[in-house]
Amino acid sequence: MPVITFANSKGGSGKTTSALLLACELATERPVTIIDADPRRPITKWATLPGKPERLTVISNESEKTILEEIEEASAVSTFVIVDLEGTASRLMSYAISQSDLVIVPMKEQTQDATAAVDVVREIHRDMKAARRKIPYSILFTQSKVVAKSRTARFVASQFRENPDFHVFQTEIFDRDAFSALFSVGGTVRTLSKDTVRTTEEAVKNVQSYTHEVVKRLKDAMGIKNADAA
Ligand SMILES: Nc1ncnc2c1ncn2[C@@H]1O[C@H](COP(=O)(O)OP(=O)(O)OP(=O)(O)O)[C@@H](O)[C@H]1O
Ligand SMILES: [Mg+2]
């Protein structure tokens, strides 16, 4: 079953948030396992809060020595396996990438994130050589301003979007309180109360179109028939 890894060695690029949003949305219909491979355990901590979807299983990665088995075991029981990596390049990152059907490289529309994203893409290409197979990857812009993007943000985005070497998701994950609030109150964007965050409808729509695009990308990349959950 498809394995989706979130990788960018730049800290704070939006890996954990985008991984959790995707996992929860997919888990509305299918069994999903998310492997928390960040030693600070952000997703494991989120899972102790109320509101985790029933179909979502959270596993805390033990070490780089166990990641391959953890992915294999999760793939046997879940329709989707999602791996959230920590913000440093490591052997664990390469192992996870080598097992992936899709690597998502989240990045803010900032120069430092762009440089790190290009490094990750180079790493994915090395891992492809090692694994002797193609590993599809996509850039995902995160924490984008809903209104009034800066000139830098527009420039960085265009550098990726206009480069045919990169696949970039059309949908960007906007900077929204709803997304950061999940880590303090638990649950998903669909279960957030209006008392916590004023407008959740736009956040839900954003997550739906993001999930839809990821599933389509997986289908295109793998030709799988059972990835039509979203
Ligand atoms: N779309 C978003 N809207 C609002 N806040 C966000 C969004 N994405 C991320 N954040 C916030 O930005 C910070 C970094 O995000 P996140 O933890 O997802 O990044 P990361 O790439 O996983 O970081 P690390 O490399 O440290 O693991 C967090 O405080 C998170 O709540
Ligand atoms: Mg993280």
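Numbering of ligands and ligand atoms starts at 1, following listing order.
- The aromatic rings of F166 and F160 lie tilted to each other, with the angle between the two planes from 30° to 60°.
- Listed by atom number, the atoms of ligand 1 under 4.0 Å from S13 heavy atoms are 19 (O), 20 (P), 21 (O).
- Ligand 1 lies within reach of F174, whose nearest heavy atom is under 4.0 Å from it.
- Contact check for N61 versus D36: no side-chain heavy atoms found under the 4.5 Å cut-off.
- The distance from ligand 1 to the heavy atoms of G87 drops below 4.0 Å at these ligand atoms: 25 (O).
- Remark: minimum distance from atom 31 (O) of ligand 1 to any protein heavy atom is reached at S180 CB, 3.4 Å.
- The protein non-hydrogen atom at the shortest distance from atom 8 (N) of ligand 1 is Q143 CG, 3.2 Å.
- Using a 4.5 Å heavy-atom threshold, the side chains of L49 and F183 count as separate.
- Between the side chain of S150 and the main chain of A153, a donor-acceptor pair closer than 3.5 Å is present.
- Nearest protein heavy-atom neighbour of atom 18 (O) of ligand 1: T17 OG1, 2.6 Å.
- The shortest contact between atom 17 (O) of ligand 1 and any protein heavy atom is with T16 CB, 3.9 Å.
- Among protein heavy atoms, atom 20 (P) of ligand 1 sits closest to K15 N, 3.5 Å.
- The closest side-chain donor-acceptor pair between S60 and T44 falls under 3.5 angstrom.
- The protein heavy-atom contact nearest to atom 23 (O) of ligand 1 is G12 N, 2.9 Å.
- Electrostatic pairing of D119 and R122 counts as a salt bridge here, judged by a charged N lying under 4.0 Å from a carboxylate O.
- At least one donor-acceptor pair under 3.5 Å links the side chain of T115 to the backbone N or O of T111.
- Heavy-atom distances between I173 and ligand 1 reach below 4.0 Å in at least one pair.
- Residue E86 has no nitrogen or oxygen atom sitting less than 3.5 Å from a nitrogen or oxygen atom of ligand 1, judged on distance alone.
- Between D113 and K10 there is a salt bridge, since a side-chain N of the basic residue sits under 4.0 Å from a carboxylate O of the acidic one.
- With a heavy-atom cut-off of 4.0 Å, D38 touches ligand 1 through its side chain alone.
- Of the charged side-chain nitrogens involved, at least one lies within less than 4.0 Å of a carboxylate oxygen, so that K149 and E172 count as a salt-bridged pair.
- Of the protein's non-hydrogen atoms, R40 NH2, 2.6 Å is the one closest to atom 26 (O) of ligand 1.
- Comment: K205 engages E202 in a salt bridge, judged by a side-chain N to carboxylate O separation of less than 4.0 angstrom.
- In terms of heavy-atom proximity, I97 sits nearest to I135 at O-CD1, 3.6 Å.
- For atom 28 (C) of ligand 1, the protein comes within 4.0 Å by no heavy atom at all.
- Contact annotation: for R176 versus ligand 1, heavy atoms closer than 4.0 Å belong to the backbone alone.
- Note on R190 versus E25: salt bridge recorded, some NZ/NE/NH1/NH2 to OD/OE distance being below 4.0 Å.
- Protein non-hydrogen atoms do not reach within 4.0 Å of atom 13 (C) of ligand 1.
- For ligand 1, the atoms closer than 4.0 angstrom to any heavy atom of G11 are 25 (O).
- The Mg ion (ligand 2) lies under 2.8 Å from an N, O or S atom belonging to T16.
- At under 3.5 Å, a nitrogen or oxygen of G14, whether backbone or side chain, sits near a nitrogen or oxygen of ligand 1.
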